[in-house]
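This report concerns only the one structure given below.
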Amino acid sequence: MNKTNCILVFLLIISVVLSIFIGSVNIGDINNIQAFTIMLDVRLPRALMAILVGAALAMSGAVFQIILKNPMADSFTLGMANGAVLGAALTVVTIIPAVFAPVISIILGLLSLLLVLVIARKLDLTYRPETLIITGILLGAMLSGVLYILFCYSRKIRRILHATCSVRSAVRISLKFRSY
């Protein structure tokens, strides 16, 4: 293992240990059984899940870069992220319960990837990386346009933006939406 990898593994171990011992509940203020329960049942699984999710995201990014032969490729390159964001926005706008937002986001992200693959197959039978990238970026731009239309015409999303943004930026955003 080279020096950089050793440093990264060391930092990972340090961050896991710190995340187990540091949290909203001070371990020193409670009895040992409660502290042990908090550390093993709450903090350790959360830290291990963060490692697994981070590794999965890194591997998916590497797969995108290898398949597309592009070191800048990511989920936005093939329009997957745009489809997922649109799925989350649709759950906010429609009457679909919010608990289904992750499922709908995943489904729309995969459907957008499938659409990119179908369109790229019609254009080029060999799935050249250039065709995939251009098709994915164009589909992502189209999905972003649909998302902006939802932002413009949905009062629910405007209220969410108003609640989450600062007062000054929320006023600017609402003025922009009224001009359409």
Side-chain angles (χ1 to χ4, degrees), residues 1-24 39-93 96-151 157 160-161 164-165:
M1 203 176 338
N2 64 15
K3 185 177 180 181
T4 305
N5 288 343
C6 289
I7 292 172
L8 290 175
V9 168
F10 176 73
L11 289 174
L12 179 66
I13 292 170
I14 294 294
S15 63
V16 168
V17 169
L18 287 176
S19 68
I20 290 173
F21 288 105
I22 297 173
S24 60
M39 288 179 1
L40 285 184
D41 291 343
V42 177
R43 294 181 183 173
L44 182 62
R46 182 173 45 198
L48 294 177
M49 186 59 71
I51 291 171
L52 288 175
V53 169
L57 288 173
M59 286 176 17
S60 68
V63 167
F64 274 119
Q65 292 171 356
I66 290 169
I67 289 175
L68 297 176
K69 298 175 185 157
N70 184 348
M72 298 295 288
D74 62 353
S75 59
F76 286 95
T77 307
L78 293 181
M80 286 182 68
N82 302 90
V85 169
L86 183 62
L90 284 174
T91 57
V92 169
V93 173
I96 299 171
V99 296
F100 294 118
V103 174
I104 292 174
S105 295
I106 290 170
I107 290 171
L108 279 180
L110 291 175
L111 284 176
S112 66
L113 175 64
L114 181 68
L115 186 60
V116 166
L117 292 175
V118 167
I119 293 170
R121 180 72 174 178
K122 295 280 185 189
L123 297 174
D124 182 16
L125 295 177
T126 60
Y127 288 118
R128 287 190 334 211
E130 298 87 10
T131 308
L132 288 171
I133 291 172
I134 290 172
T135 308
I137 289 174
L138 288 175
L139 181 71
M142 186 187 75
L143 293 174
S144 291
V146 172
L147 181 68
Y148 294 141
I149 290 170
L150 279 177
F151 280 178
I157 289 182
I160 291 171
L161 286 174
T164 58
C165 296

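Count residues from 1 along the sequence. Note that the structure is predicted; figures quoted are calculated from it, not measured.
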Write down the atom of Ser105, the atom of Gly87, and the distance for their closest heavy-atom approach.
OG-C, 3.9 Å
Can you tell me how far the OG atom of Ser144 sits from the CZ atom of Phe76, to the nearest 0.5 Å?
8.0 Å
pair Lys3-Ile7: side-chain heavy atoms closer than 4.5 Å
yes
Measure across Leu132 and Ala120 and return the closest heavy-atom pair with its distance rounded to 0.1 Å.
CD2-CB, 3.7 Å
Asn82 vs Leu86 side-chain heavy atoms within contact, under 4.5 Å:
no
Shortest non-hydrogen pair, Ile51 vs Val16, comes out as CD1-CG2, 3.4 Å
When rounded to the nearest 0.5 angstrom, what distance separates OG1 in Thr135 from CD in Glu130?
11.0 Å
Which atoms form the tightest heavy-atom contact between Leu68 and Ala73, and what is the distance?
CD1-CB, 3.7 Å
Any heavy-atom pair between the side chains of Ser15 and Leu12 that's under 4.5 Å?
yes
Nearest-0.5 Å distance that lies between atom CE in Met80 and atom CD1 in Ile106
9.5 Å
Does a side-chain heavy-atom distance below 4.5 Å link Thr77 with Asp74?
yes
Please tell me if the side chains of Thr131 and Tyr127 come closer than 4.5 Å, counting only heavy atoms from C-beta onward.
no
Nearest 0.5 Å, what's the CD1-CG distance between Ile119 and Leu139?
6.0 Å
Find the distance between CG (Leu147) and CG (Leu90) and round it off to the nearest 0.5 Å.
8.5 Å
Is any side-chain heavy atom of Ile107 closer than 4.5 Å to a side-chain heavy atom of Val103?
yes
With side-chain hydrogen bond (donor to acceptor under 3.5 Å, both in side chains) as the criterion, how do Asp124 and Thr126 come out once you've worked through the C-alpha distance, each side chain's angles and the decisive distance to 0.1 Å?
CA-CA 6 Å; Asp124 182 16; Thr126 60; 3.1 Å; yes
Please report the closest heavy-atom contact between Ile96 and Phe100, naming both atoms and the distance.
CG2-CB, 3.9 Å
Which atoms form the tightest heavy-atom contact between Asn70 and Met72, and what is the distance?
OD1-N, 2.9 Å
Interatomic distance, Thr91 atom OG1 to Leu108 atom CG [nearest 0.5 angstrom]:
9.5 Å
